[in-house]
Amino acid sequence: MSDTIFSKIINREIPAEILYEDDDVLAFRDVSPQAPVHFLVIPKLEIPTINDIQPNQAELIGKLVLTAKQVAKEQGIAEDGYRLVMNCNADGGQTVFHIHLHVLGGRAMSWPPG
Ligand code: AMP
């Protein structure tokens, strides 16, 4: 598998503002925030896109959401609300091919997305 910039963050080869880490997942602030609070939750296992997720990875994928929930609370956006986004491939707007959950909050979001 090809290394992405997120592998370099996991391996501490490039800096990031890390908000949470355990053996399975990492949460860090997005370098180009689209909301007052914008962080990413990634599995340490490199899975390029949603299309590559396997049934035996269901627990790991669930852990991304549970981590998003926990860090959102710590960041003070849980009560007002927030948005979780996971982009897939070109039409989804994916630019980094290591799956990641965007957590966006701190302002009201519009719907539908553009
Ligand atoms: P996506 O377009 O869904 O693949 O999202 C990739 C996200 O990664 C974008 O929101 C970028 O701003 C973010 N990003 C890219 N490089 C870094 C980095 N070095 N540290 C933190 N976030 C990054």
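Keep in mind the model is a prediction, meaning the values are calculated, not measured. Whatever order the structure lists them in is the order used to number ligands and atoms, beginning at 1. One is the number of the first residue; the rest follow in order along the sequence.
The proximity of Asn87 to ligand 1, defined as any non-hydrogen pair under 4.0 Å, is limited to the side chain. Under 4.0 Å from ligand 1, the heavy atoms of Leu40 that appear belong solely to its side chain. Under 4.0 Å from ligand 1, not a single heavy atom of Phe39 appears.
Val71 and Ala27 make their closest contact through CG2-CB, 4.3 Å (heavy atoms, listed as atom of the first residue, atom of the second, distance). In plain terms, the two heavy atoms of Pro43 and Ile10 that are nearest each other are O-CD1, 4.1 Å.
Side-chain contact of Gln94 with Thr49: a donor-acceptor pair under 3.5 Å is absent, judged by distance alone.
At least one heavy atom of Phe28 sits closer than 4.0 Å to an atom of ligand 1. Every heavy atom of Ala16 sits 4.0 Å or more from the atoms of ligand 1. At least one heavy atom of Arg29 lies less than 4.0 angstrom from ligand 1. Within the structure, ligand 1 lacks Gln34 among the residues with a heavy atom less than 4.0 angstrom away.
In terms of polar-atom proximity, Asp30 is counted as a contact of ligand 1, with an N or O under 3.5 Å from an N or O of the ligand.
The closest protein non-hydrogen atom to atom 4 (O) of ligand 1 is Thr95 N, 2.7 Å. Protein heavy atom closest to atom 8 (O) of ligand 1, with residue, atom name and distance, is Phe6 CZ, 3.5 Å. With hydrogens left out, the protein atom closest to atom 22 (N) of ligand 1 is Val31 N, 3.2 Å, a heavy atom.
In this structure, the side chain of Lys44 engages the main chain of Asp22 through a donor-acceptor pair within 3.5 Å.
Following chains of ILVMFWY side-chain contacts shorter than 4.5 Å, one can reach Val25 starting from Leu19, so the two form part of one hydrophobic cluster. Connection of Val37 to Tyr20 is established within a shared hydrophobic cluster, with ILVMFWY side chains joined at heavy-atom distances below 4.5 Å, either directly or through further cluster members. The same ILVMFWY cluster, assembled from side-chain heavy atoms under 4.5 Å apart, contains both Leu101 and Phe39.
Proximity to His102 (heavy-atom distance under 4.0 Å) selects the following atoms of ligand 1: 1 (P), 3 (O), 5 (O), 7 (C), 10 (O). Interface of Ser32 with ligand 1, defined as ligand atoms under 4.0 Å from a residue heavy atom, comprises 12 (O). Applying the 4.0 Å criterion to heavy atoms of His100 picks out, from ligand 1, the atoms 1 (P), 3 (O), 4 (O), 5 (O), 6 (C).
Side chains of Leu84 and Val41 form no contact here, defined as non-hydrogen atoms less than 4.5 Å apart. In this structure, the side chains of Ile18 and Arg12 come closer than 4.5 Å at one or more pairs of heavy atoms.
With atom 20 (N) of ligand 1 as the reference point, the heavy atom nearest to it among Ile5, Ile9, Thr4 is part of Ile9.
Note: His38 and His102 have tilted aromatic rings, judged against thresholds of 30 and 60 degrees for the angle between ring planes.
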